[in-house]
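What you see below is based on every heavy atom in this structure, not just the backbone, and it leaves out hydrogens, waters and symmetry mates.
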Amino acid sequence: MDGVHDLGGMEGFGAVEQERDEPVFHHDWERRVFGLNFSGAAGNVDRFRHAIERMGAVEYLNTSYYEHWLAAIERGAIENGFASVVDLEAARAHVAAGGAVARRDDPELARQLVSAVRTPAAPPAAGGPAHRWDTGDTVRVRRTSPSGHTRCPRYVRGAVGTVEATHPPARLPDASADGVDRVEPLYGVSFAASELWGRGDHRVALDLWESYLEEPDG
């Protein structure tokens, strides 16, 4: 979907600040949010990303990286039936009033969560549909405005690029966010900066799924 999260190619937000010797977590609650994400409350990674995309623009721009994660986990917990809005509001009120946070010591659950963090996600099964285009072919990114999740950023839509690589078919995030396991050919596509923004002499490379692309004269 087109939202404030899709900042690629936009100007006026200032320089990207880099923190020297940045710690993994700045606050202990960020560590807890990181662990909560492996509870499965938010669903798969694409559903999780789409939950962040649905944050309001003001809230998104005024909250931190792990606050985005927490918002996605809370939304996922509600949408997946693990908790209700009433449950979450009651928990916030309890803590705001000085109430203790419930603690659960479960070594086996802790072991499973550590294993989940250290285990890479399973790749799609080998095979899948054949690639329509090959290295060196010219393609155009479809002009679309999807209402759901997509990994096709706005700034390349309508632009013409060159296929630089053909990757093995991979799960389409747009479908995965809706719980549909659909595999498509994946391409490495590069674009001249002048094609994207009318200036610049460098190239920009992205990985794009086949349904994002069409023939240049299509």
Open item on the list: Treating R151 as the side-chain partner and P173 as the backbone partner, does any N or O pair qualify as donor plus acceptor under 3.5 Å?
Closed with: no

TODO: Report the distance from atom CG of L172 to atom CG of D174, rounding to the nearest 0.5 Å.
DONE: 4.0 Å

Open item on the list: Less than 4.5 Å apart, side chain to side chain, heavy atoms only: is that true for S64 and H27?
Closed with: no

- [ ] Using the rule that two of Ile, Leu, Val, Met, Phe, Trp, Tyr join whenever any of their side-chain heavy atoms come within less than 4.5 Å, decide whether V160 and W197 are in one cluster.
- [x] no

TODO: Compare every heavy atom of P169 with every heavy atom of P129, then report the nearest pair and how far apart it is.
DONE: O-CG, 3.6 Å

- [ ] Verify the neighbour count for atom CD of E108: are there more than 12 heavy atoms of other residues, nucleotides or ligands below 6.0 Å?
- [x] yes

Open item on the list: If we count only N and O atoms by modelled type, under 3.5 Å, do the side chains of S176 and R171 hold a donor and an acceptor together?
Closed with: no

Open item on the list: Within a 6.0 Å radius of atom CZ on R54, are there more than 12 heavy atoms belonging to other residues, nucleotides or ligands?
Closed with: yes

Open item on the list: Starting from F13, can I reach Y65 by hopping between I/L/V/M/F/W/Y residues whose side chains sit under 4.5 Å apart?
Closed with: yes

Task: Donor-acceptor pair, side chain of D137 and main chain of D134, under 3.5 angstrom - done: yes

Task: Contacts of H149 that satisfy side chain to side chain donor-acceptor pair (under 3.5 Å) - sequence neighbours left out - done: E53

Task: Shortest non-hydrogen contact from Y155 toward G9 - done: CD2-N, 4.2 Å

Open item on the list: Please tell me whether F25 and Y66 form a close aromatic pair, meaning their ring centres lie under 6.0 Å apart.
Closed with: yes

Open item on the list: With clusters defined by side-chain heavy atoms of hydrophobic residues (ILVMFWY) lying less than 4.5 Å apart, directly or transitively, does L88 cluster with M55?
Closed with: no

- [ ] Indicate, with yes or no, if Y60 and V58 share a hydrophobic cluster defined by side-chain heavy-atom contacts under 4.5 Å among Ile, Leu, Val, Met, Phe, Trp and Tyr.
- [x] no

Open item on the list: Distance alone, cut at 3.5 Å: any donor-acceptor contact between the side chains of E215 and W133?
Closed with: yes

Open item on the list: Could you tell me if the side chain of E184 sits less than 4.5 Å from the side chain of Y212, heavy atoms only?
Closed with: no

- [ ] For residues E59 and A71, report the shortest heavy-atom separation together with the two atoms involved.
- [x] OE2-CB, 4.5 Å

Task: Heavy-atom side-chain contact between R132 and Y187 under 4.5 Å - done: yes

Open item on the list: Has W69 got a side-chain atom pairing as donor or acceptor with F48's backbone, closer than 3.5 angstrom?
Closed with: no

TODO: Please check if atom CG in D106 has more than 12 non-hydrogen atoms from other residues, nucleotides or ligands closer than 6.0 Å.
DONE: yes

Open item on the list: Would you compute the distance between atom CD of E195 and atom OG of S190 and round it to the nearest 0.5 angstrom?
Closed with: 11.0 Å

Task: Value rounded to 0.5 Å, distance of CZ in F82 from CG in D87 - done: 13.0 Å

Task: Heavy-atom closest pair, residues L186 and A170 - done: CD2-CB, 4.3 Å

Open item on the list: I need the minimum non-hydrogen distance between S147 and H50, along with the two atoms involved.
Closed with: O-CE1, 4.1 Å

Open item on the list: Within the structure provided, determine whether N37 and I73 are in side-chain contact (heavy-atom separation under 4.5 Å).
Closed with: yes

Open item on the list: Please report the interatomic distance CG(L208) to CZ(R157), rounded to the nearest 0.5 Å.
Closed with: 11.0 Å

- [ ] Please examine the side chains of P153 and L206, heavy atoms only from C-beta on, and report whether any two atoms are closer than 4.5 Å.
- [x] yes

Task: Shared hydrophobic cluster, L36 / W29 (ILVMFWY, side-chain heavy atoms < 4.5 Å) - done: yes

Open item on the list: Between R142 (side chain only) and L213 (backbone N and O only), is there a donor and an acceptor less than 3.5 Å apart?
Closed with: yes

Open item on the list: Tell me the closest heavy-atom pair linking A159 and L196, and the distance in Å.
Closed with: CB-CD2, 3.6 Å

Open item on the list: For F34 and V24: C-alpha separation, side-chain torsions, deciding distance, then whether side chain to side chain contact (heavy atoms under 4.5 Å, CB included) applies.
Closed with: CA-CA 11 Å; F34 180 84; V24 176; over 6 Å; no

Task: OG1 on T166 to NE2 on H131, rounded to 0.5 Å - done: 5.0 Å

Task: Flag side-chain contact, heavy atom, 4.5 Å: I52 against H5 - done: no

Open item on the list: Closer than 3.5 angstrom, by distance alone: can the side chain of N80 be matched with the main-chain N or O of G76 as a donor-acceptor pair?
Closed with: yes

TODO: Decide, yes or no, whether a salt bridge links R92 with E89 under the criterion of side-chain N to carboxylate O below 4.0 Å.
DONE: no

TODO: Mind checking the CZ-OG1 spacing from R49 to T150? Nearest 0.5 Å is all I need.
DONE: 11.5 Å

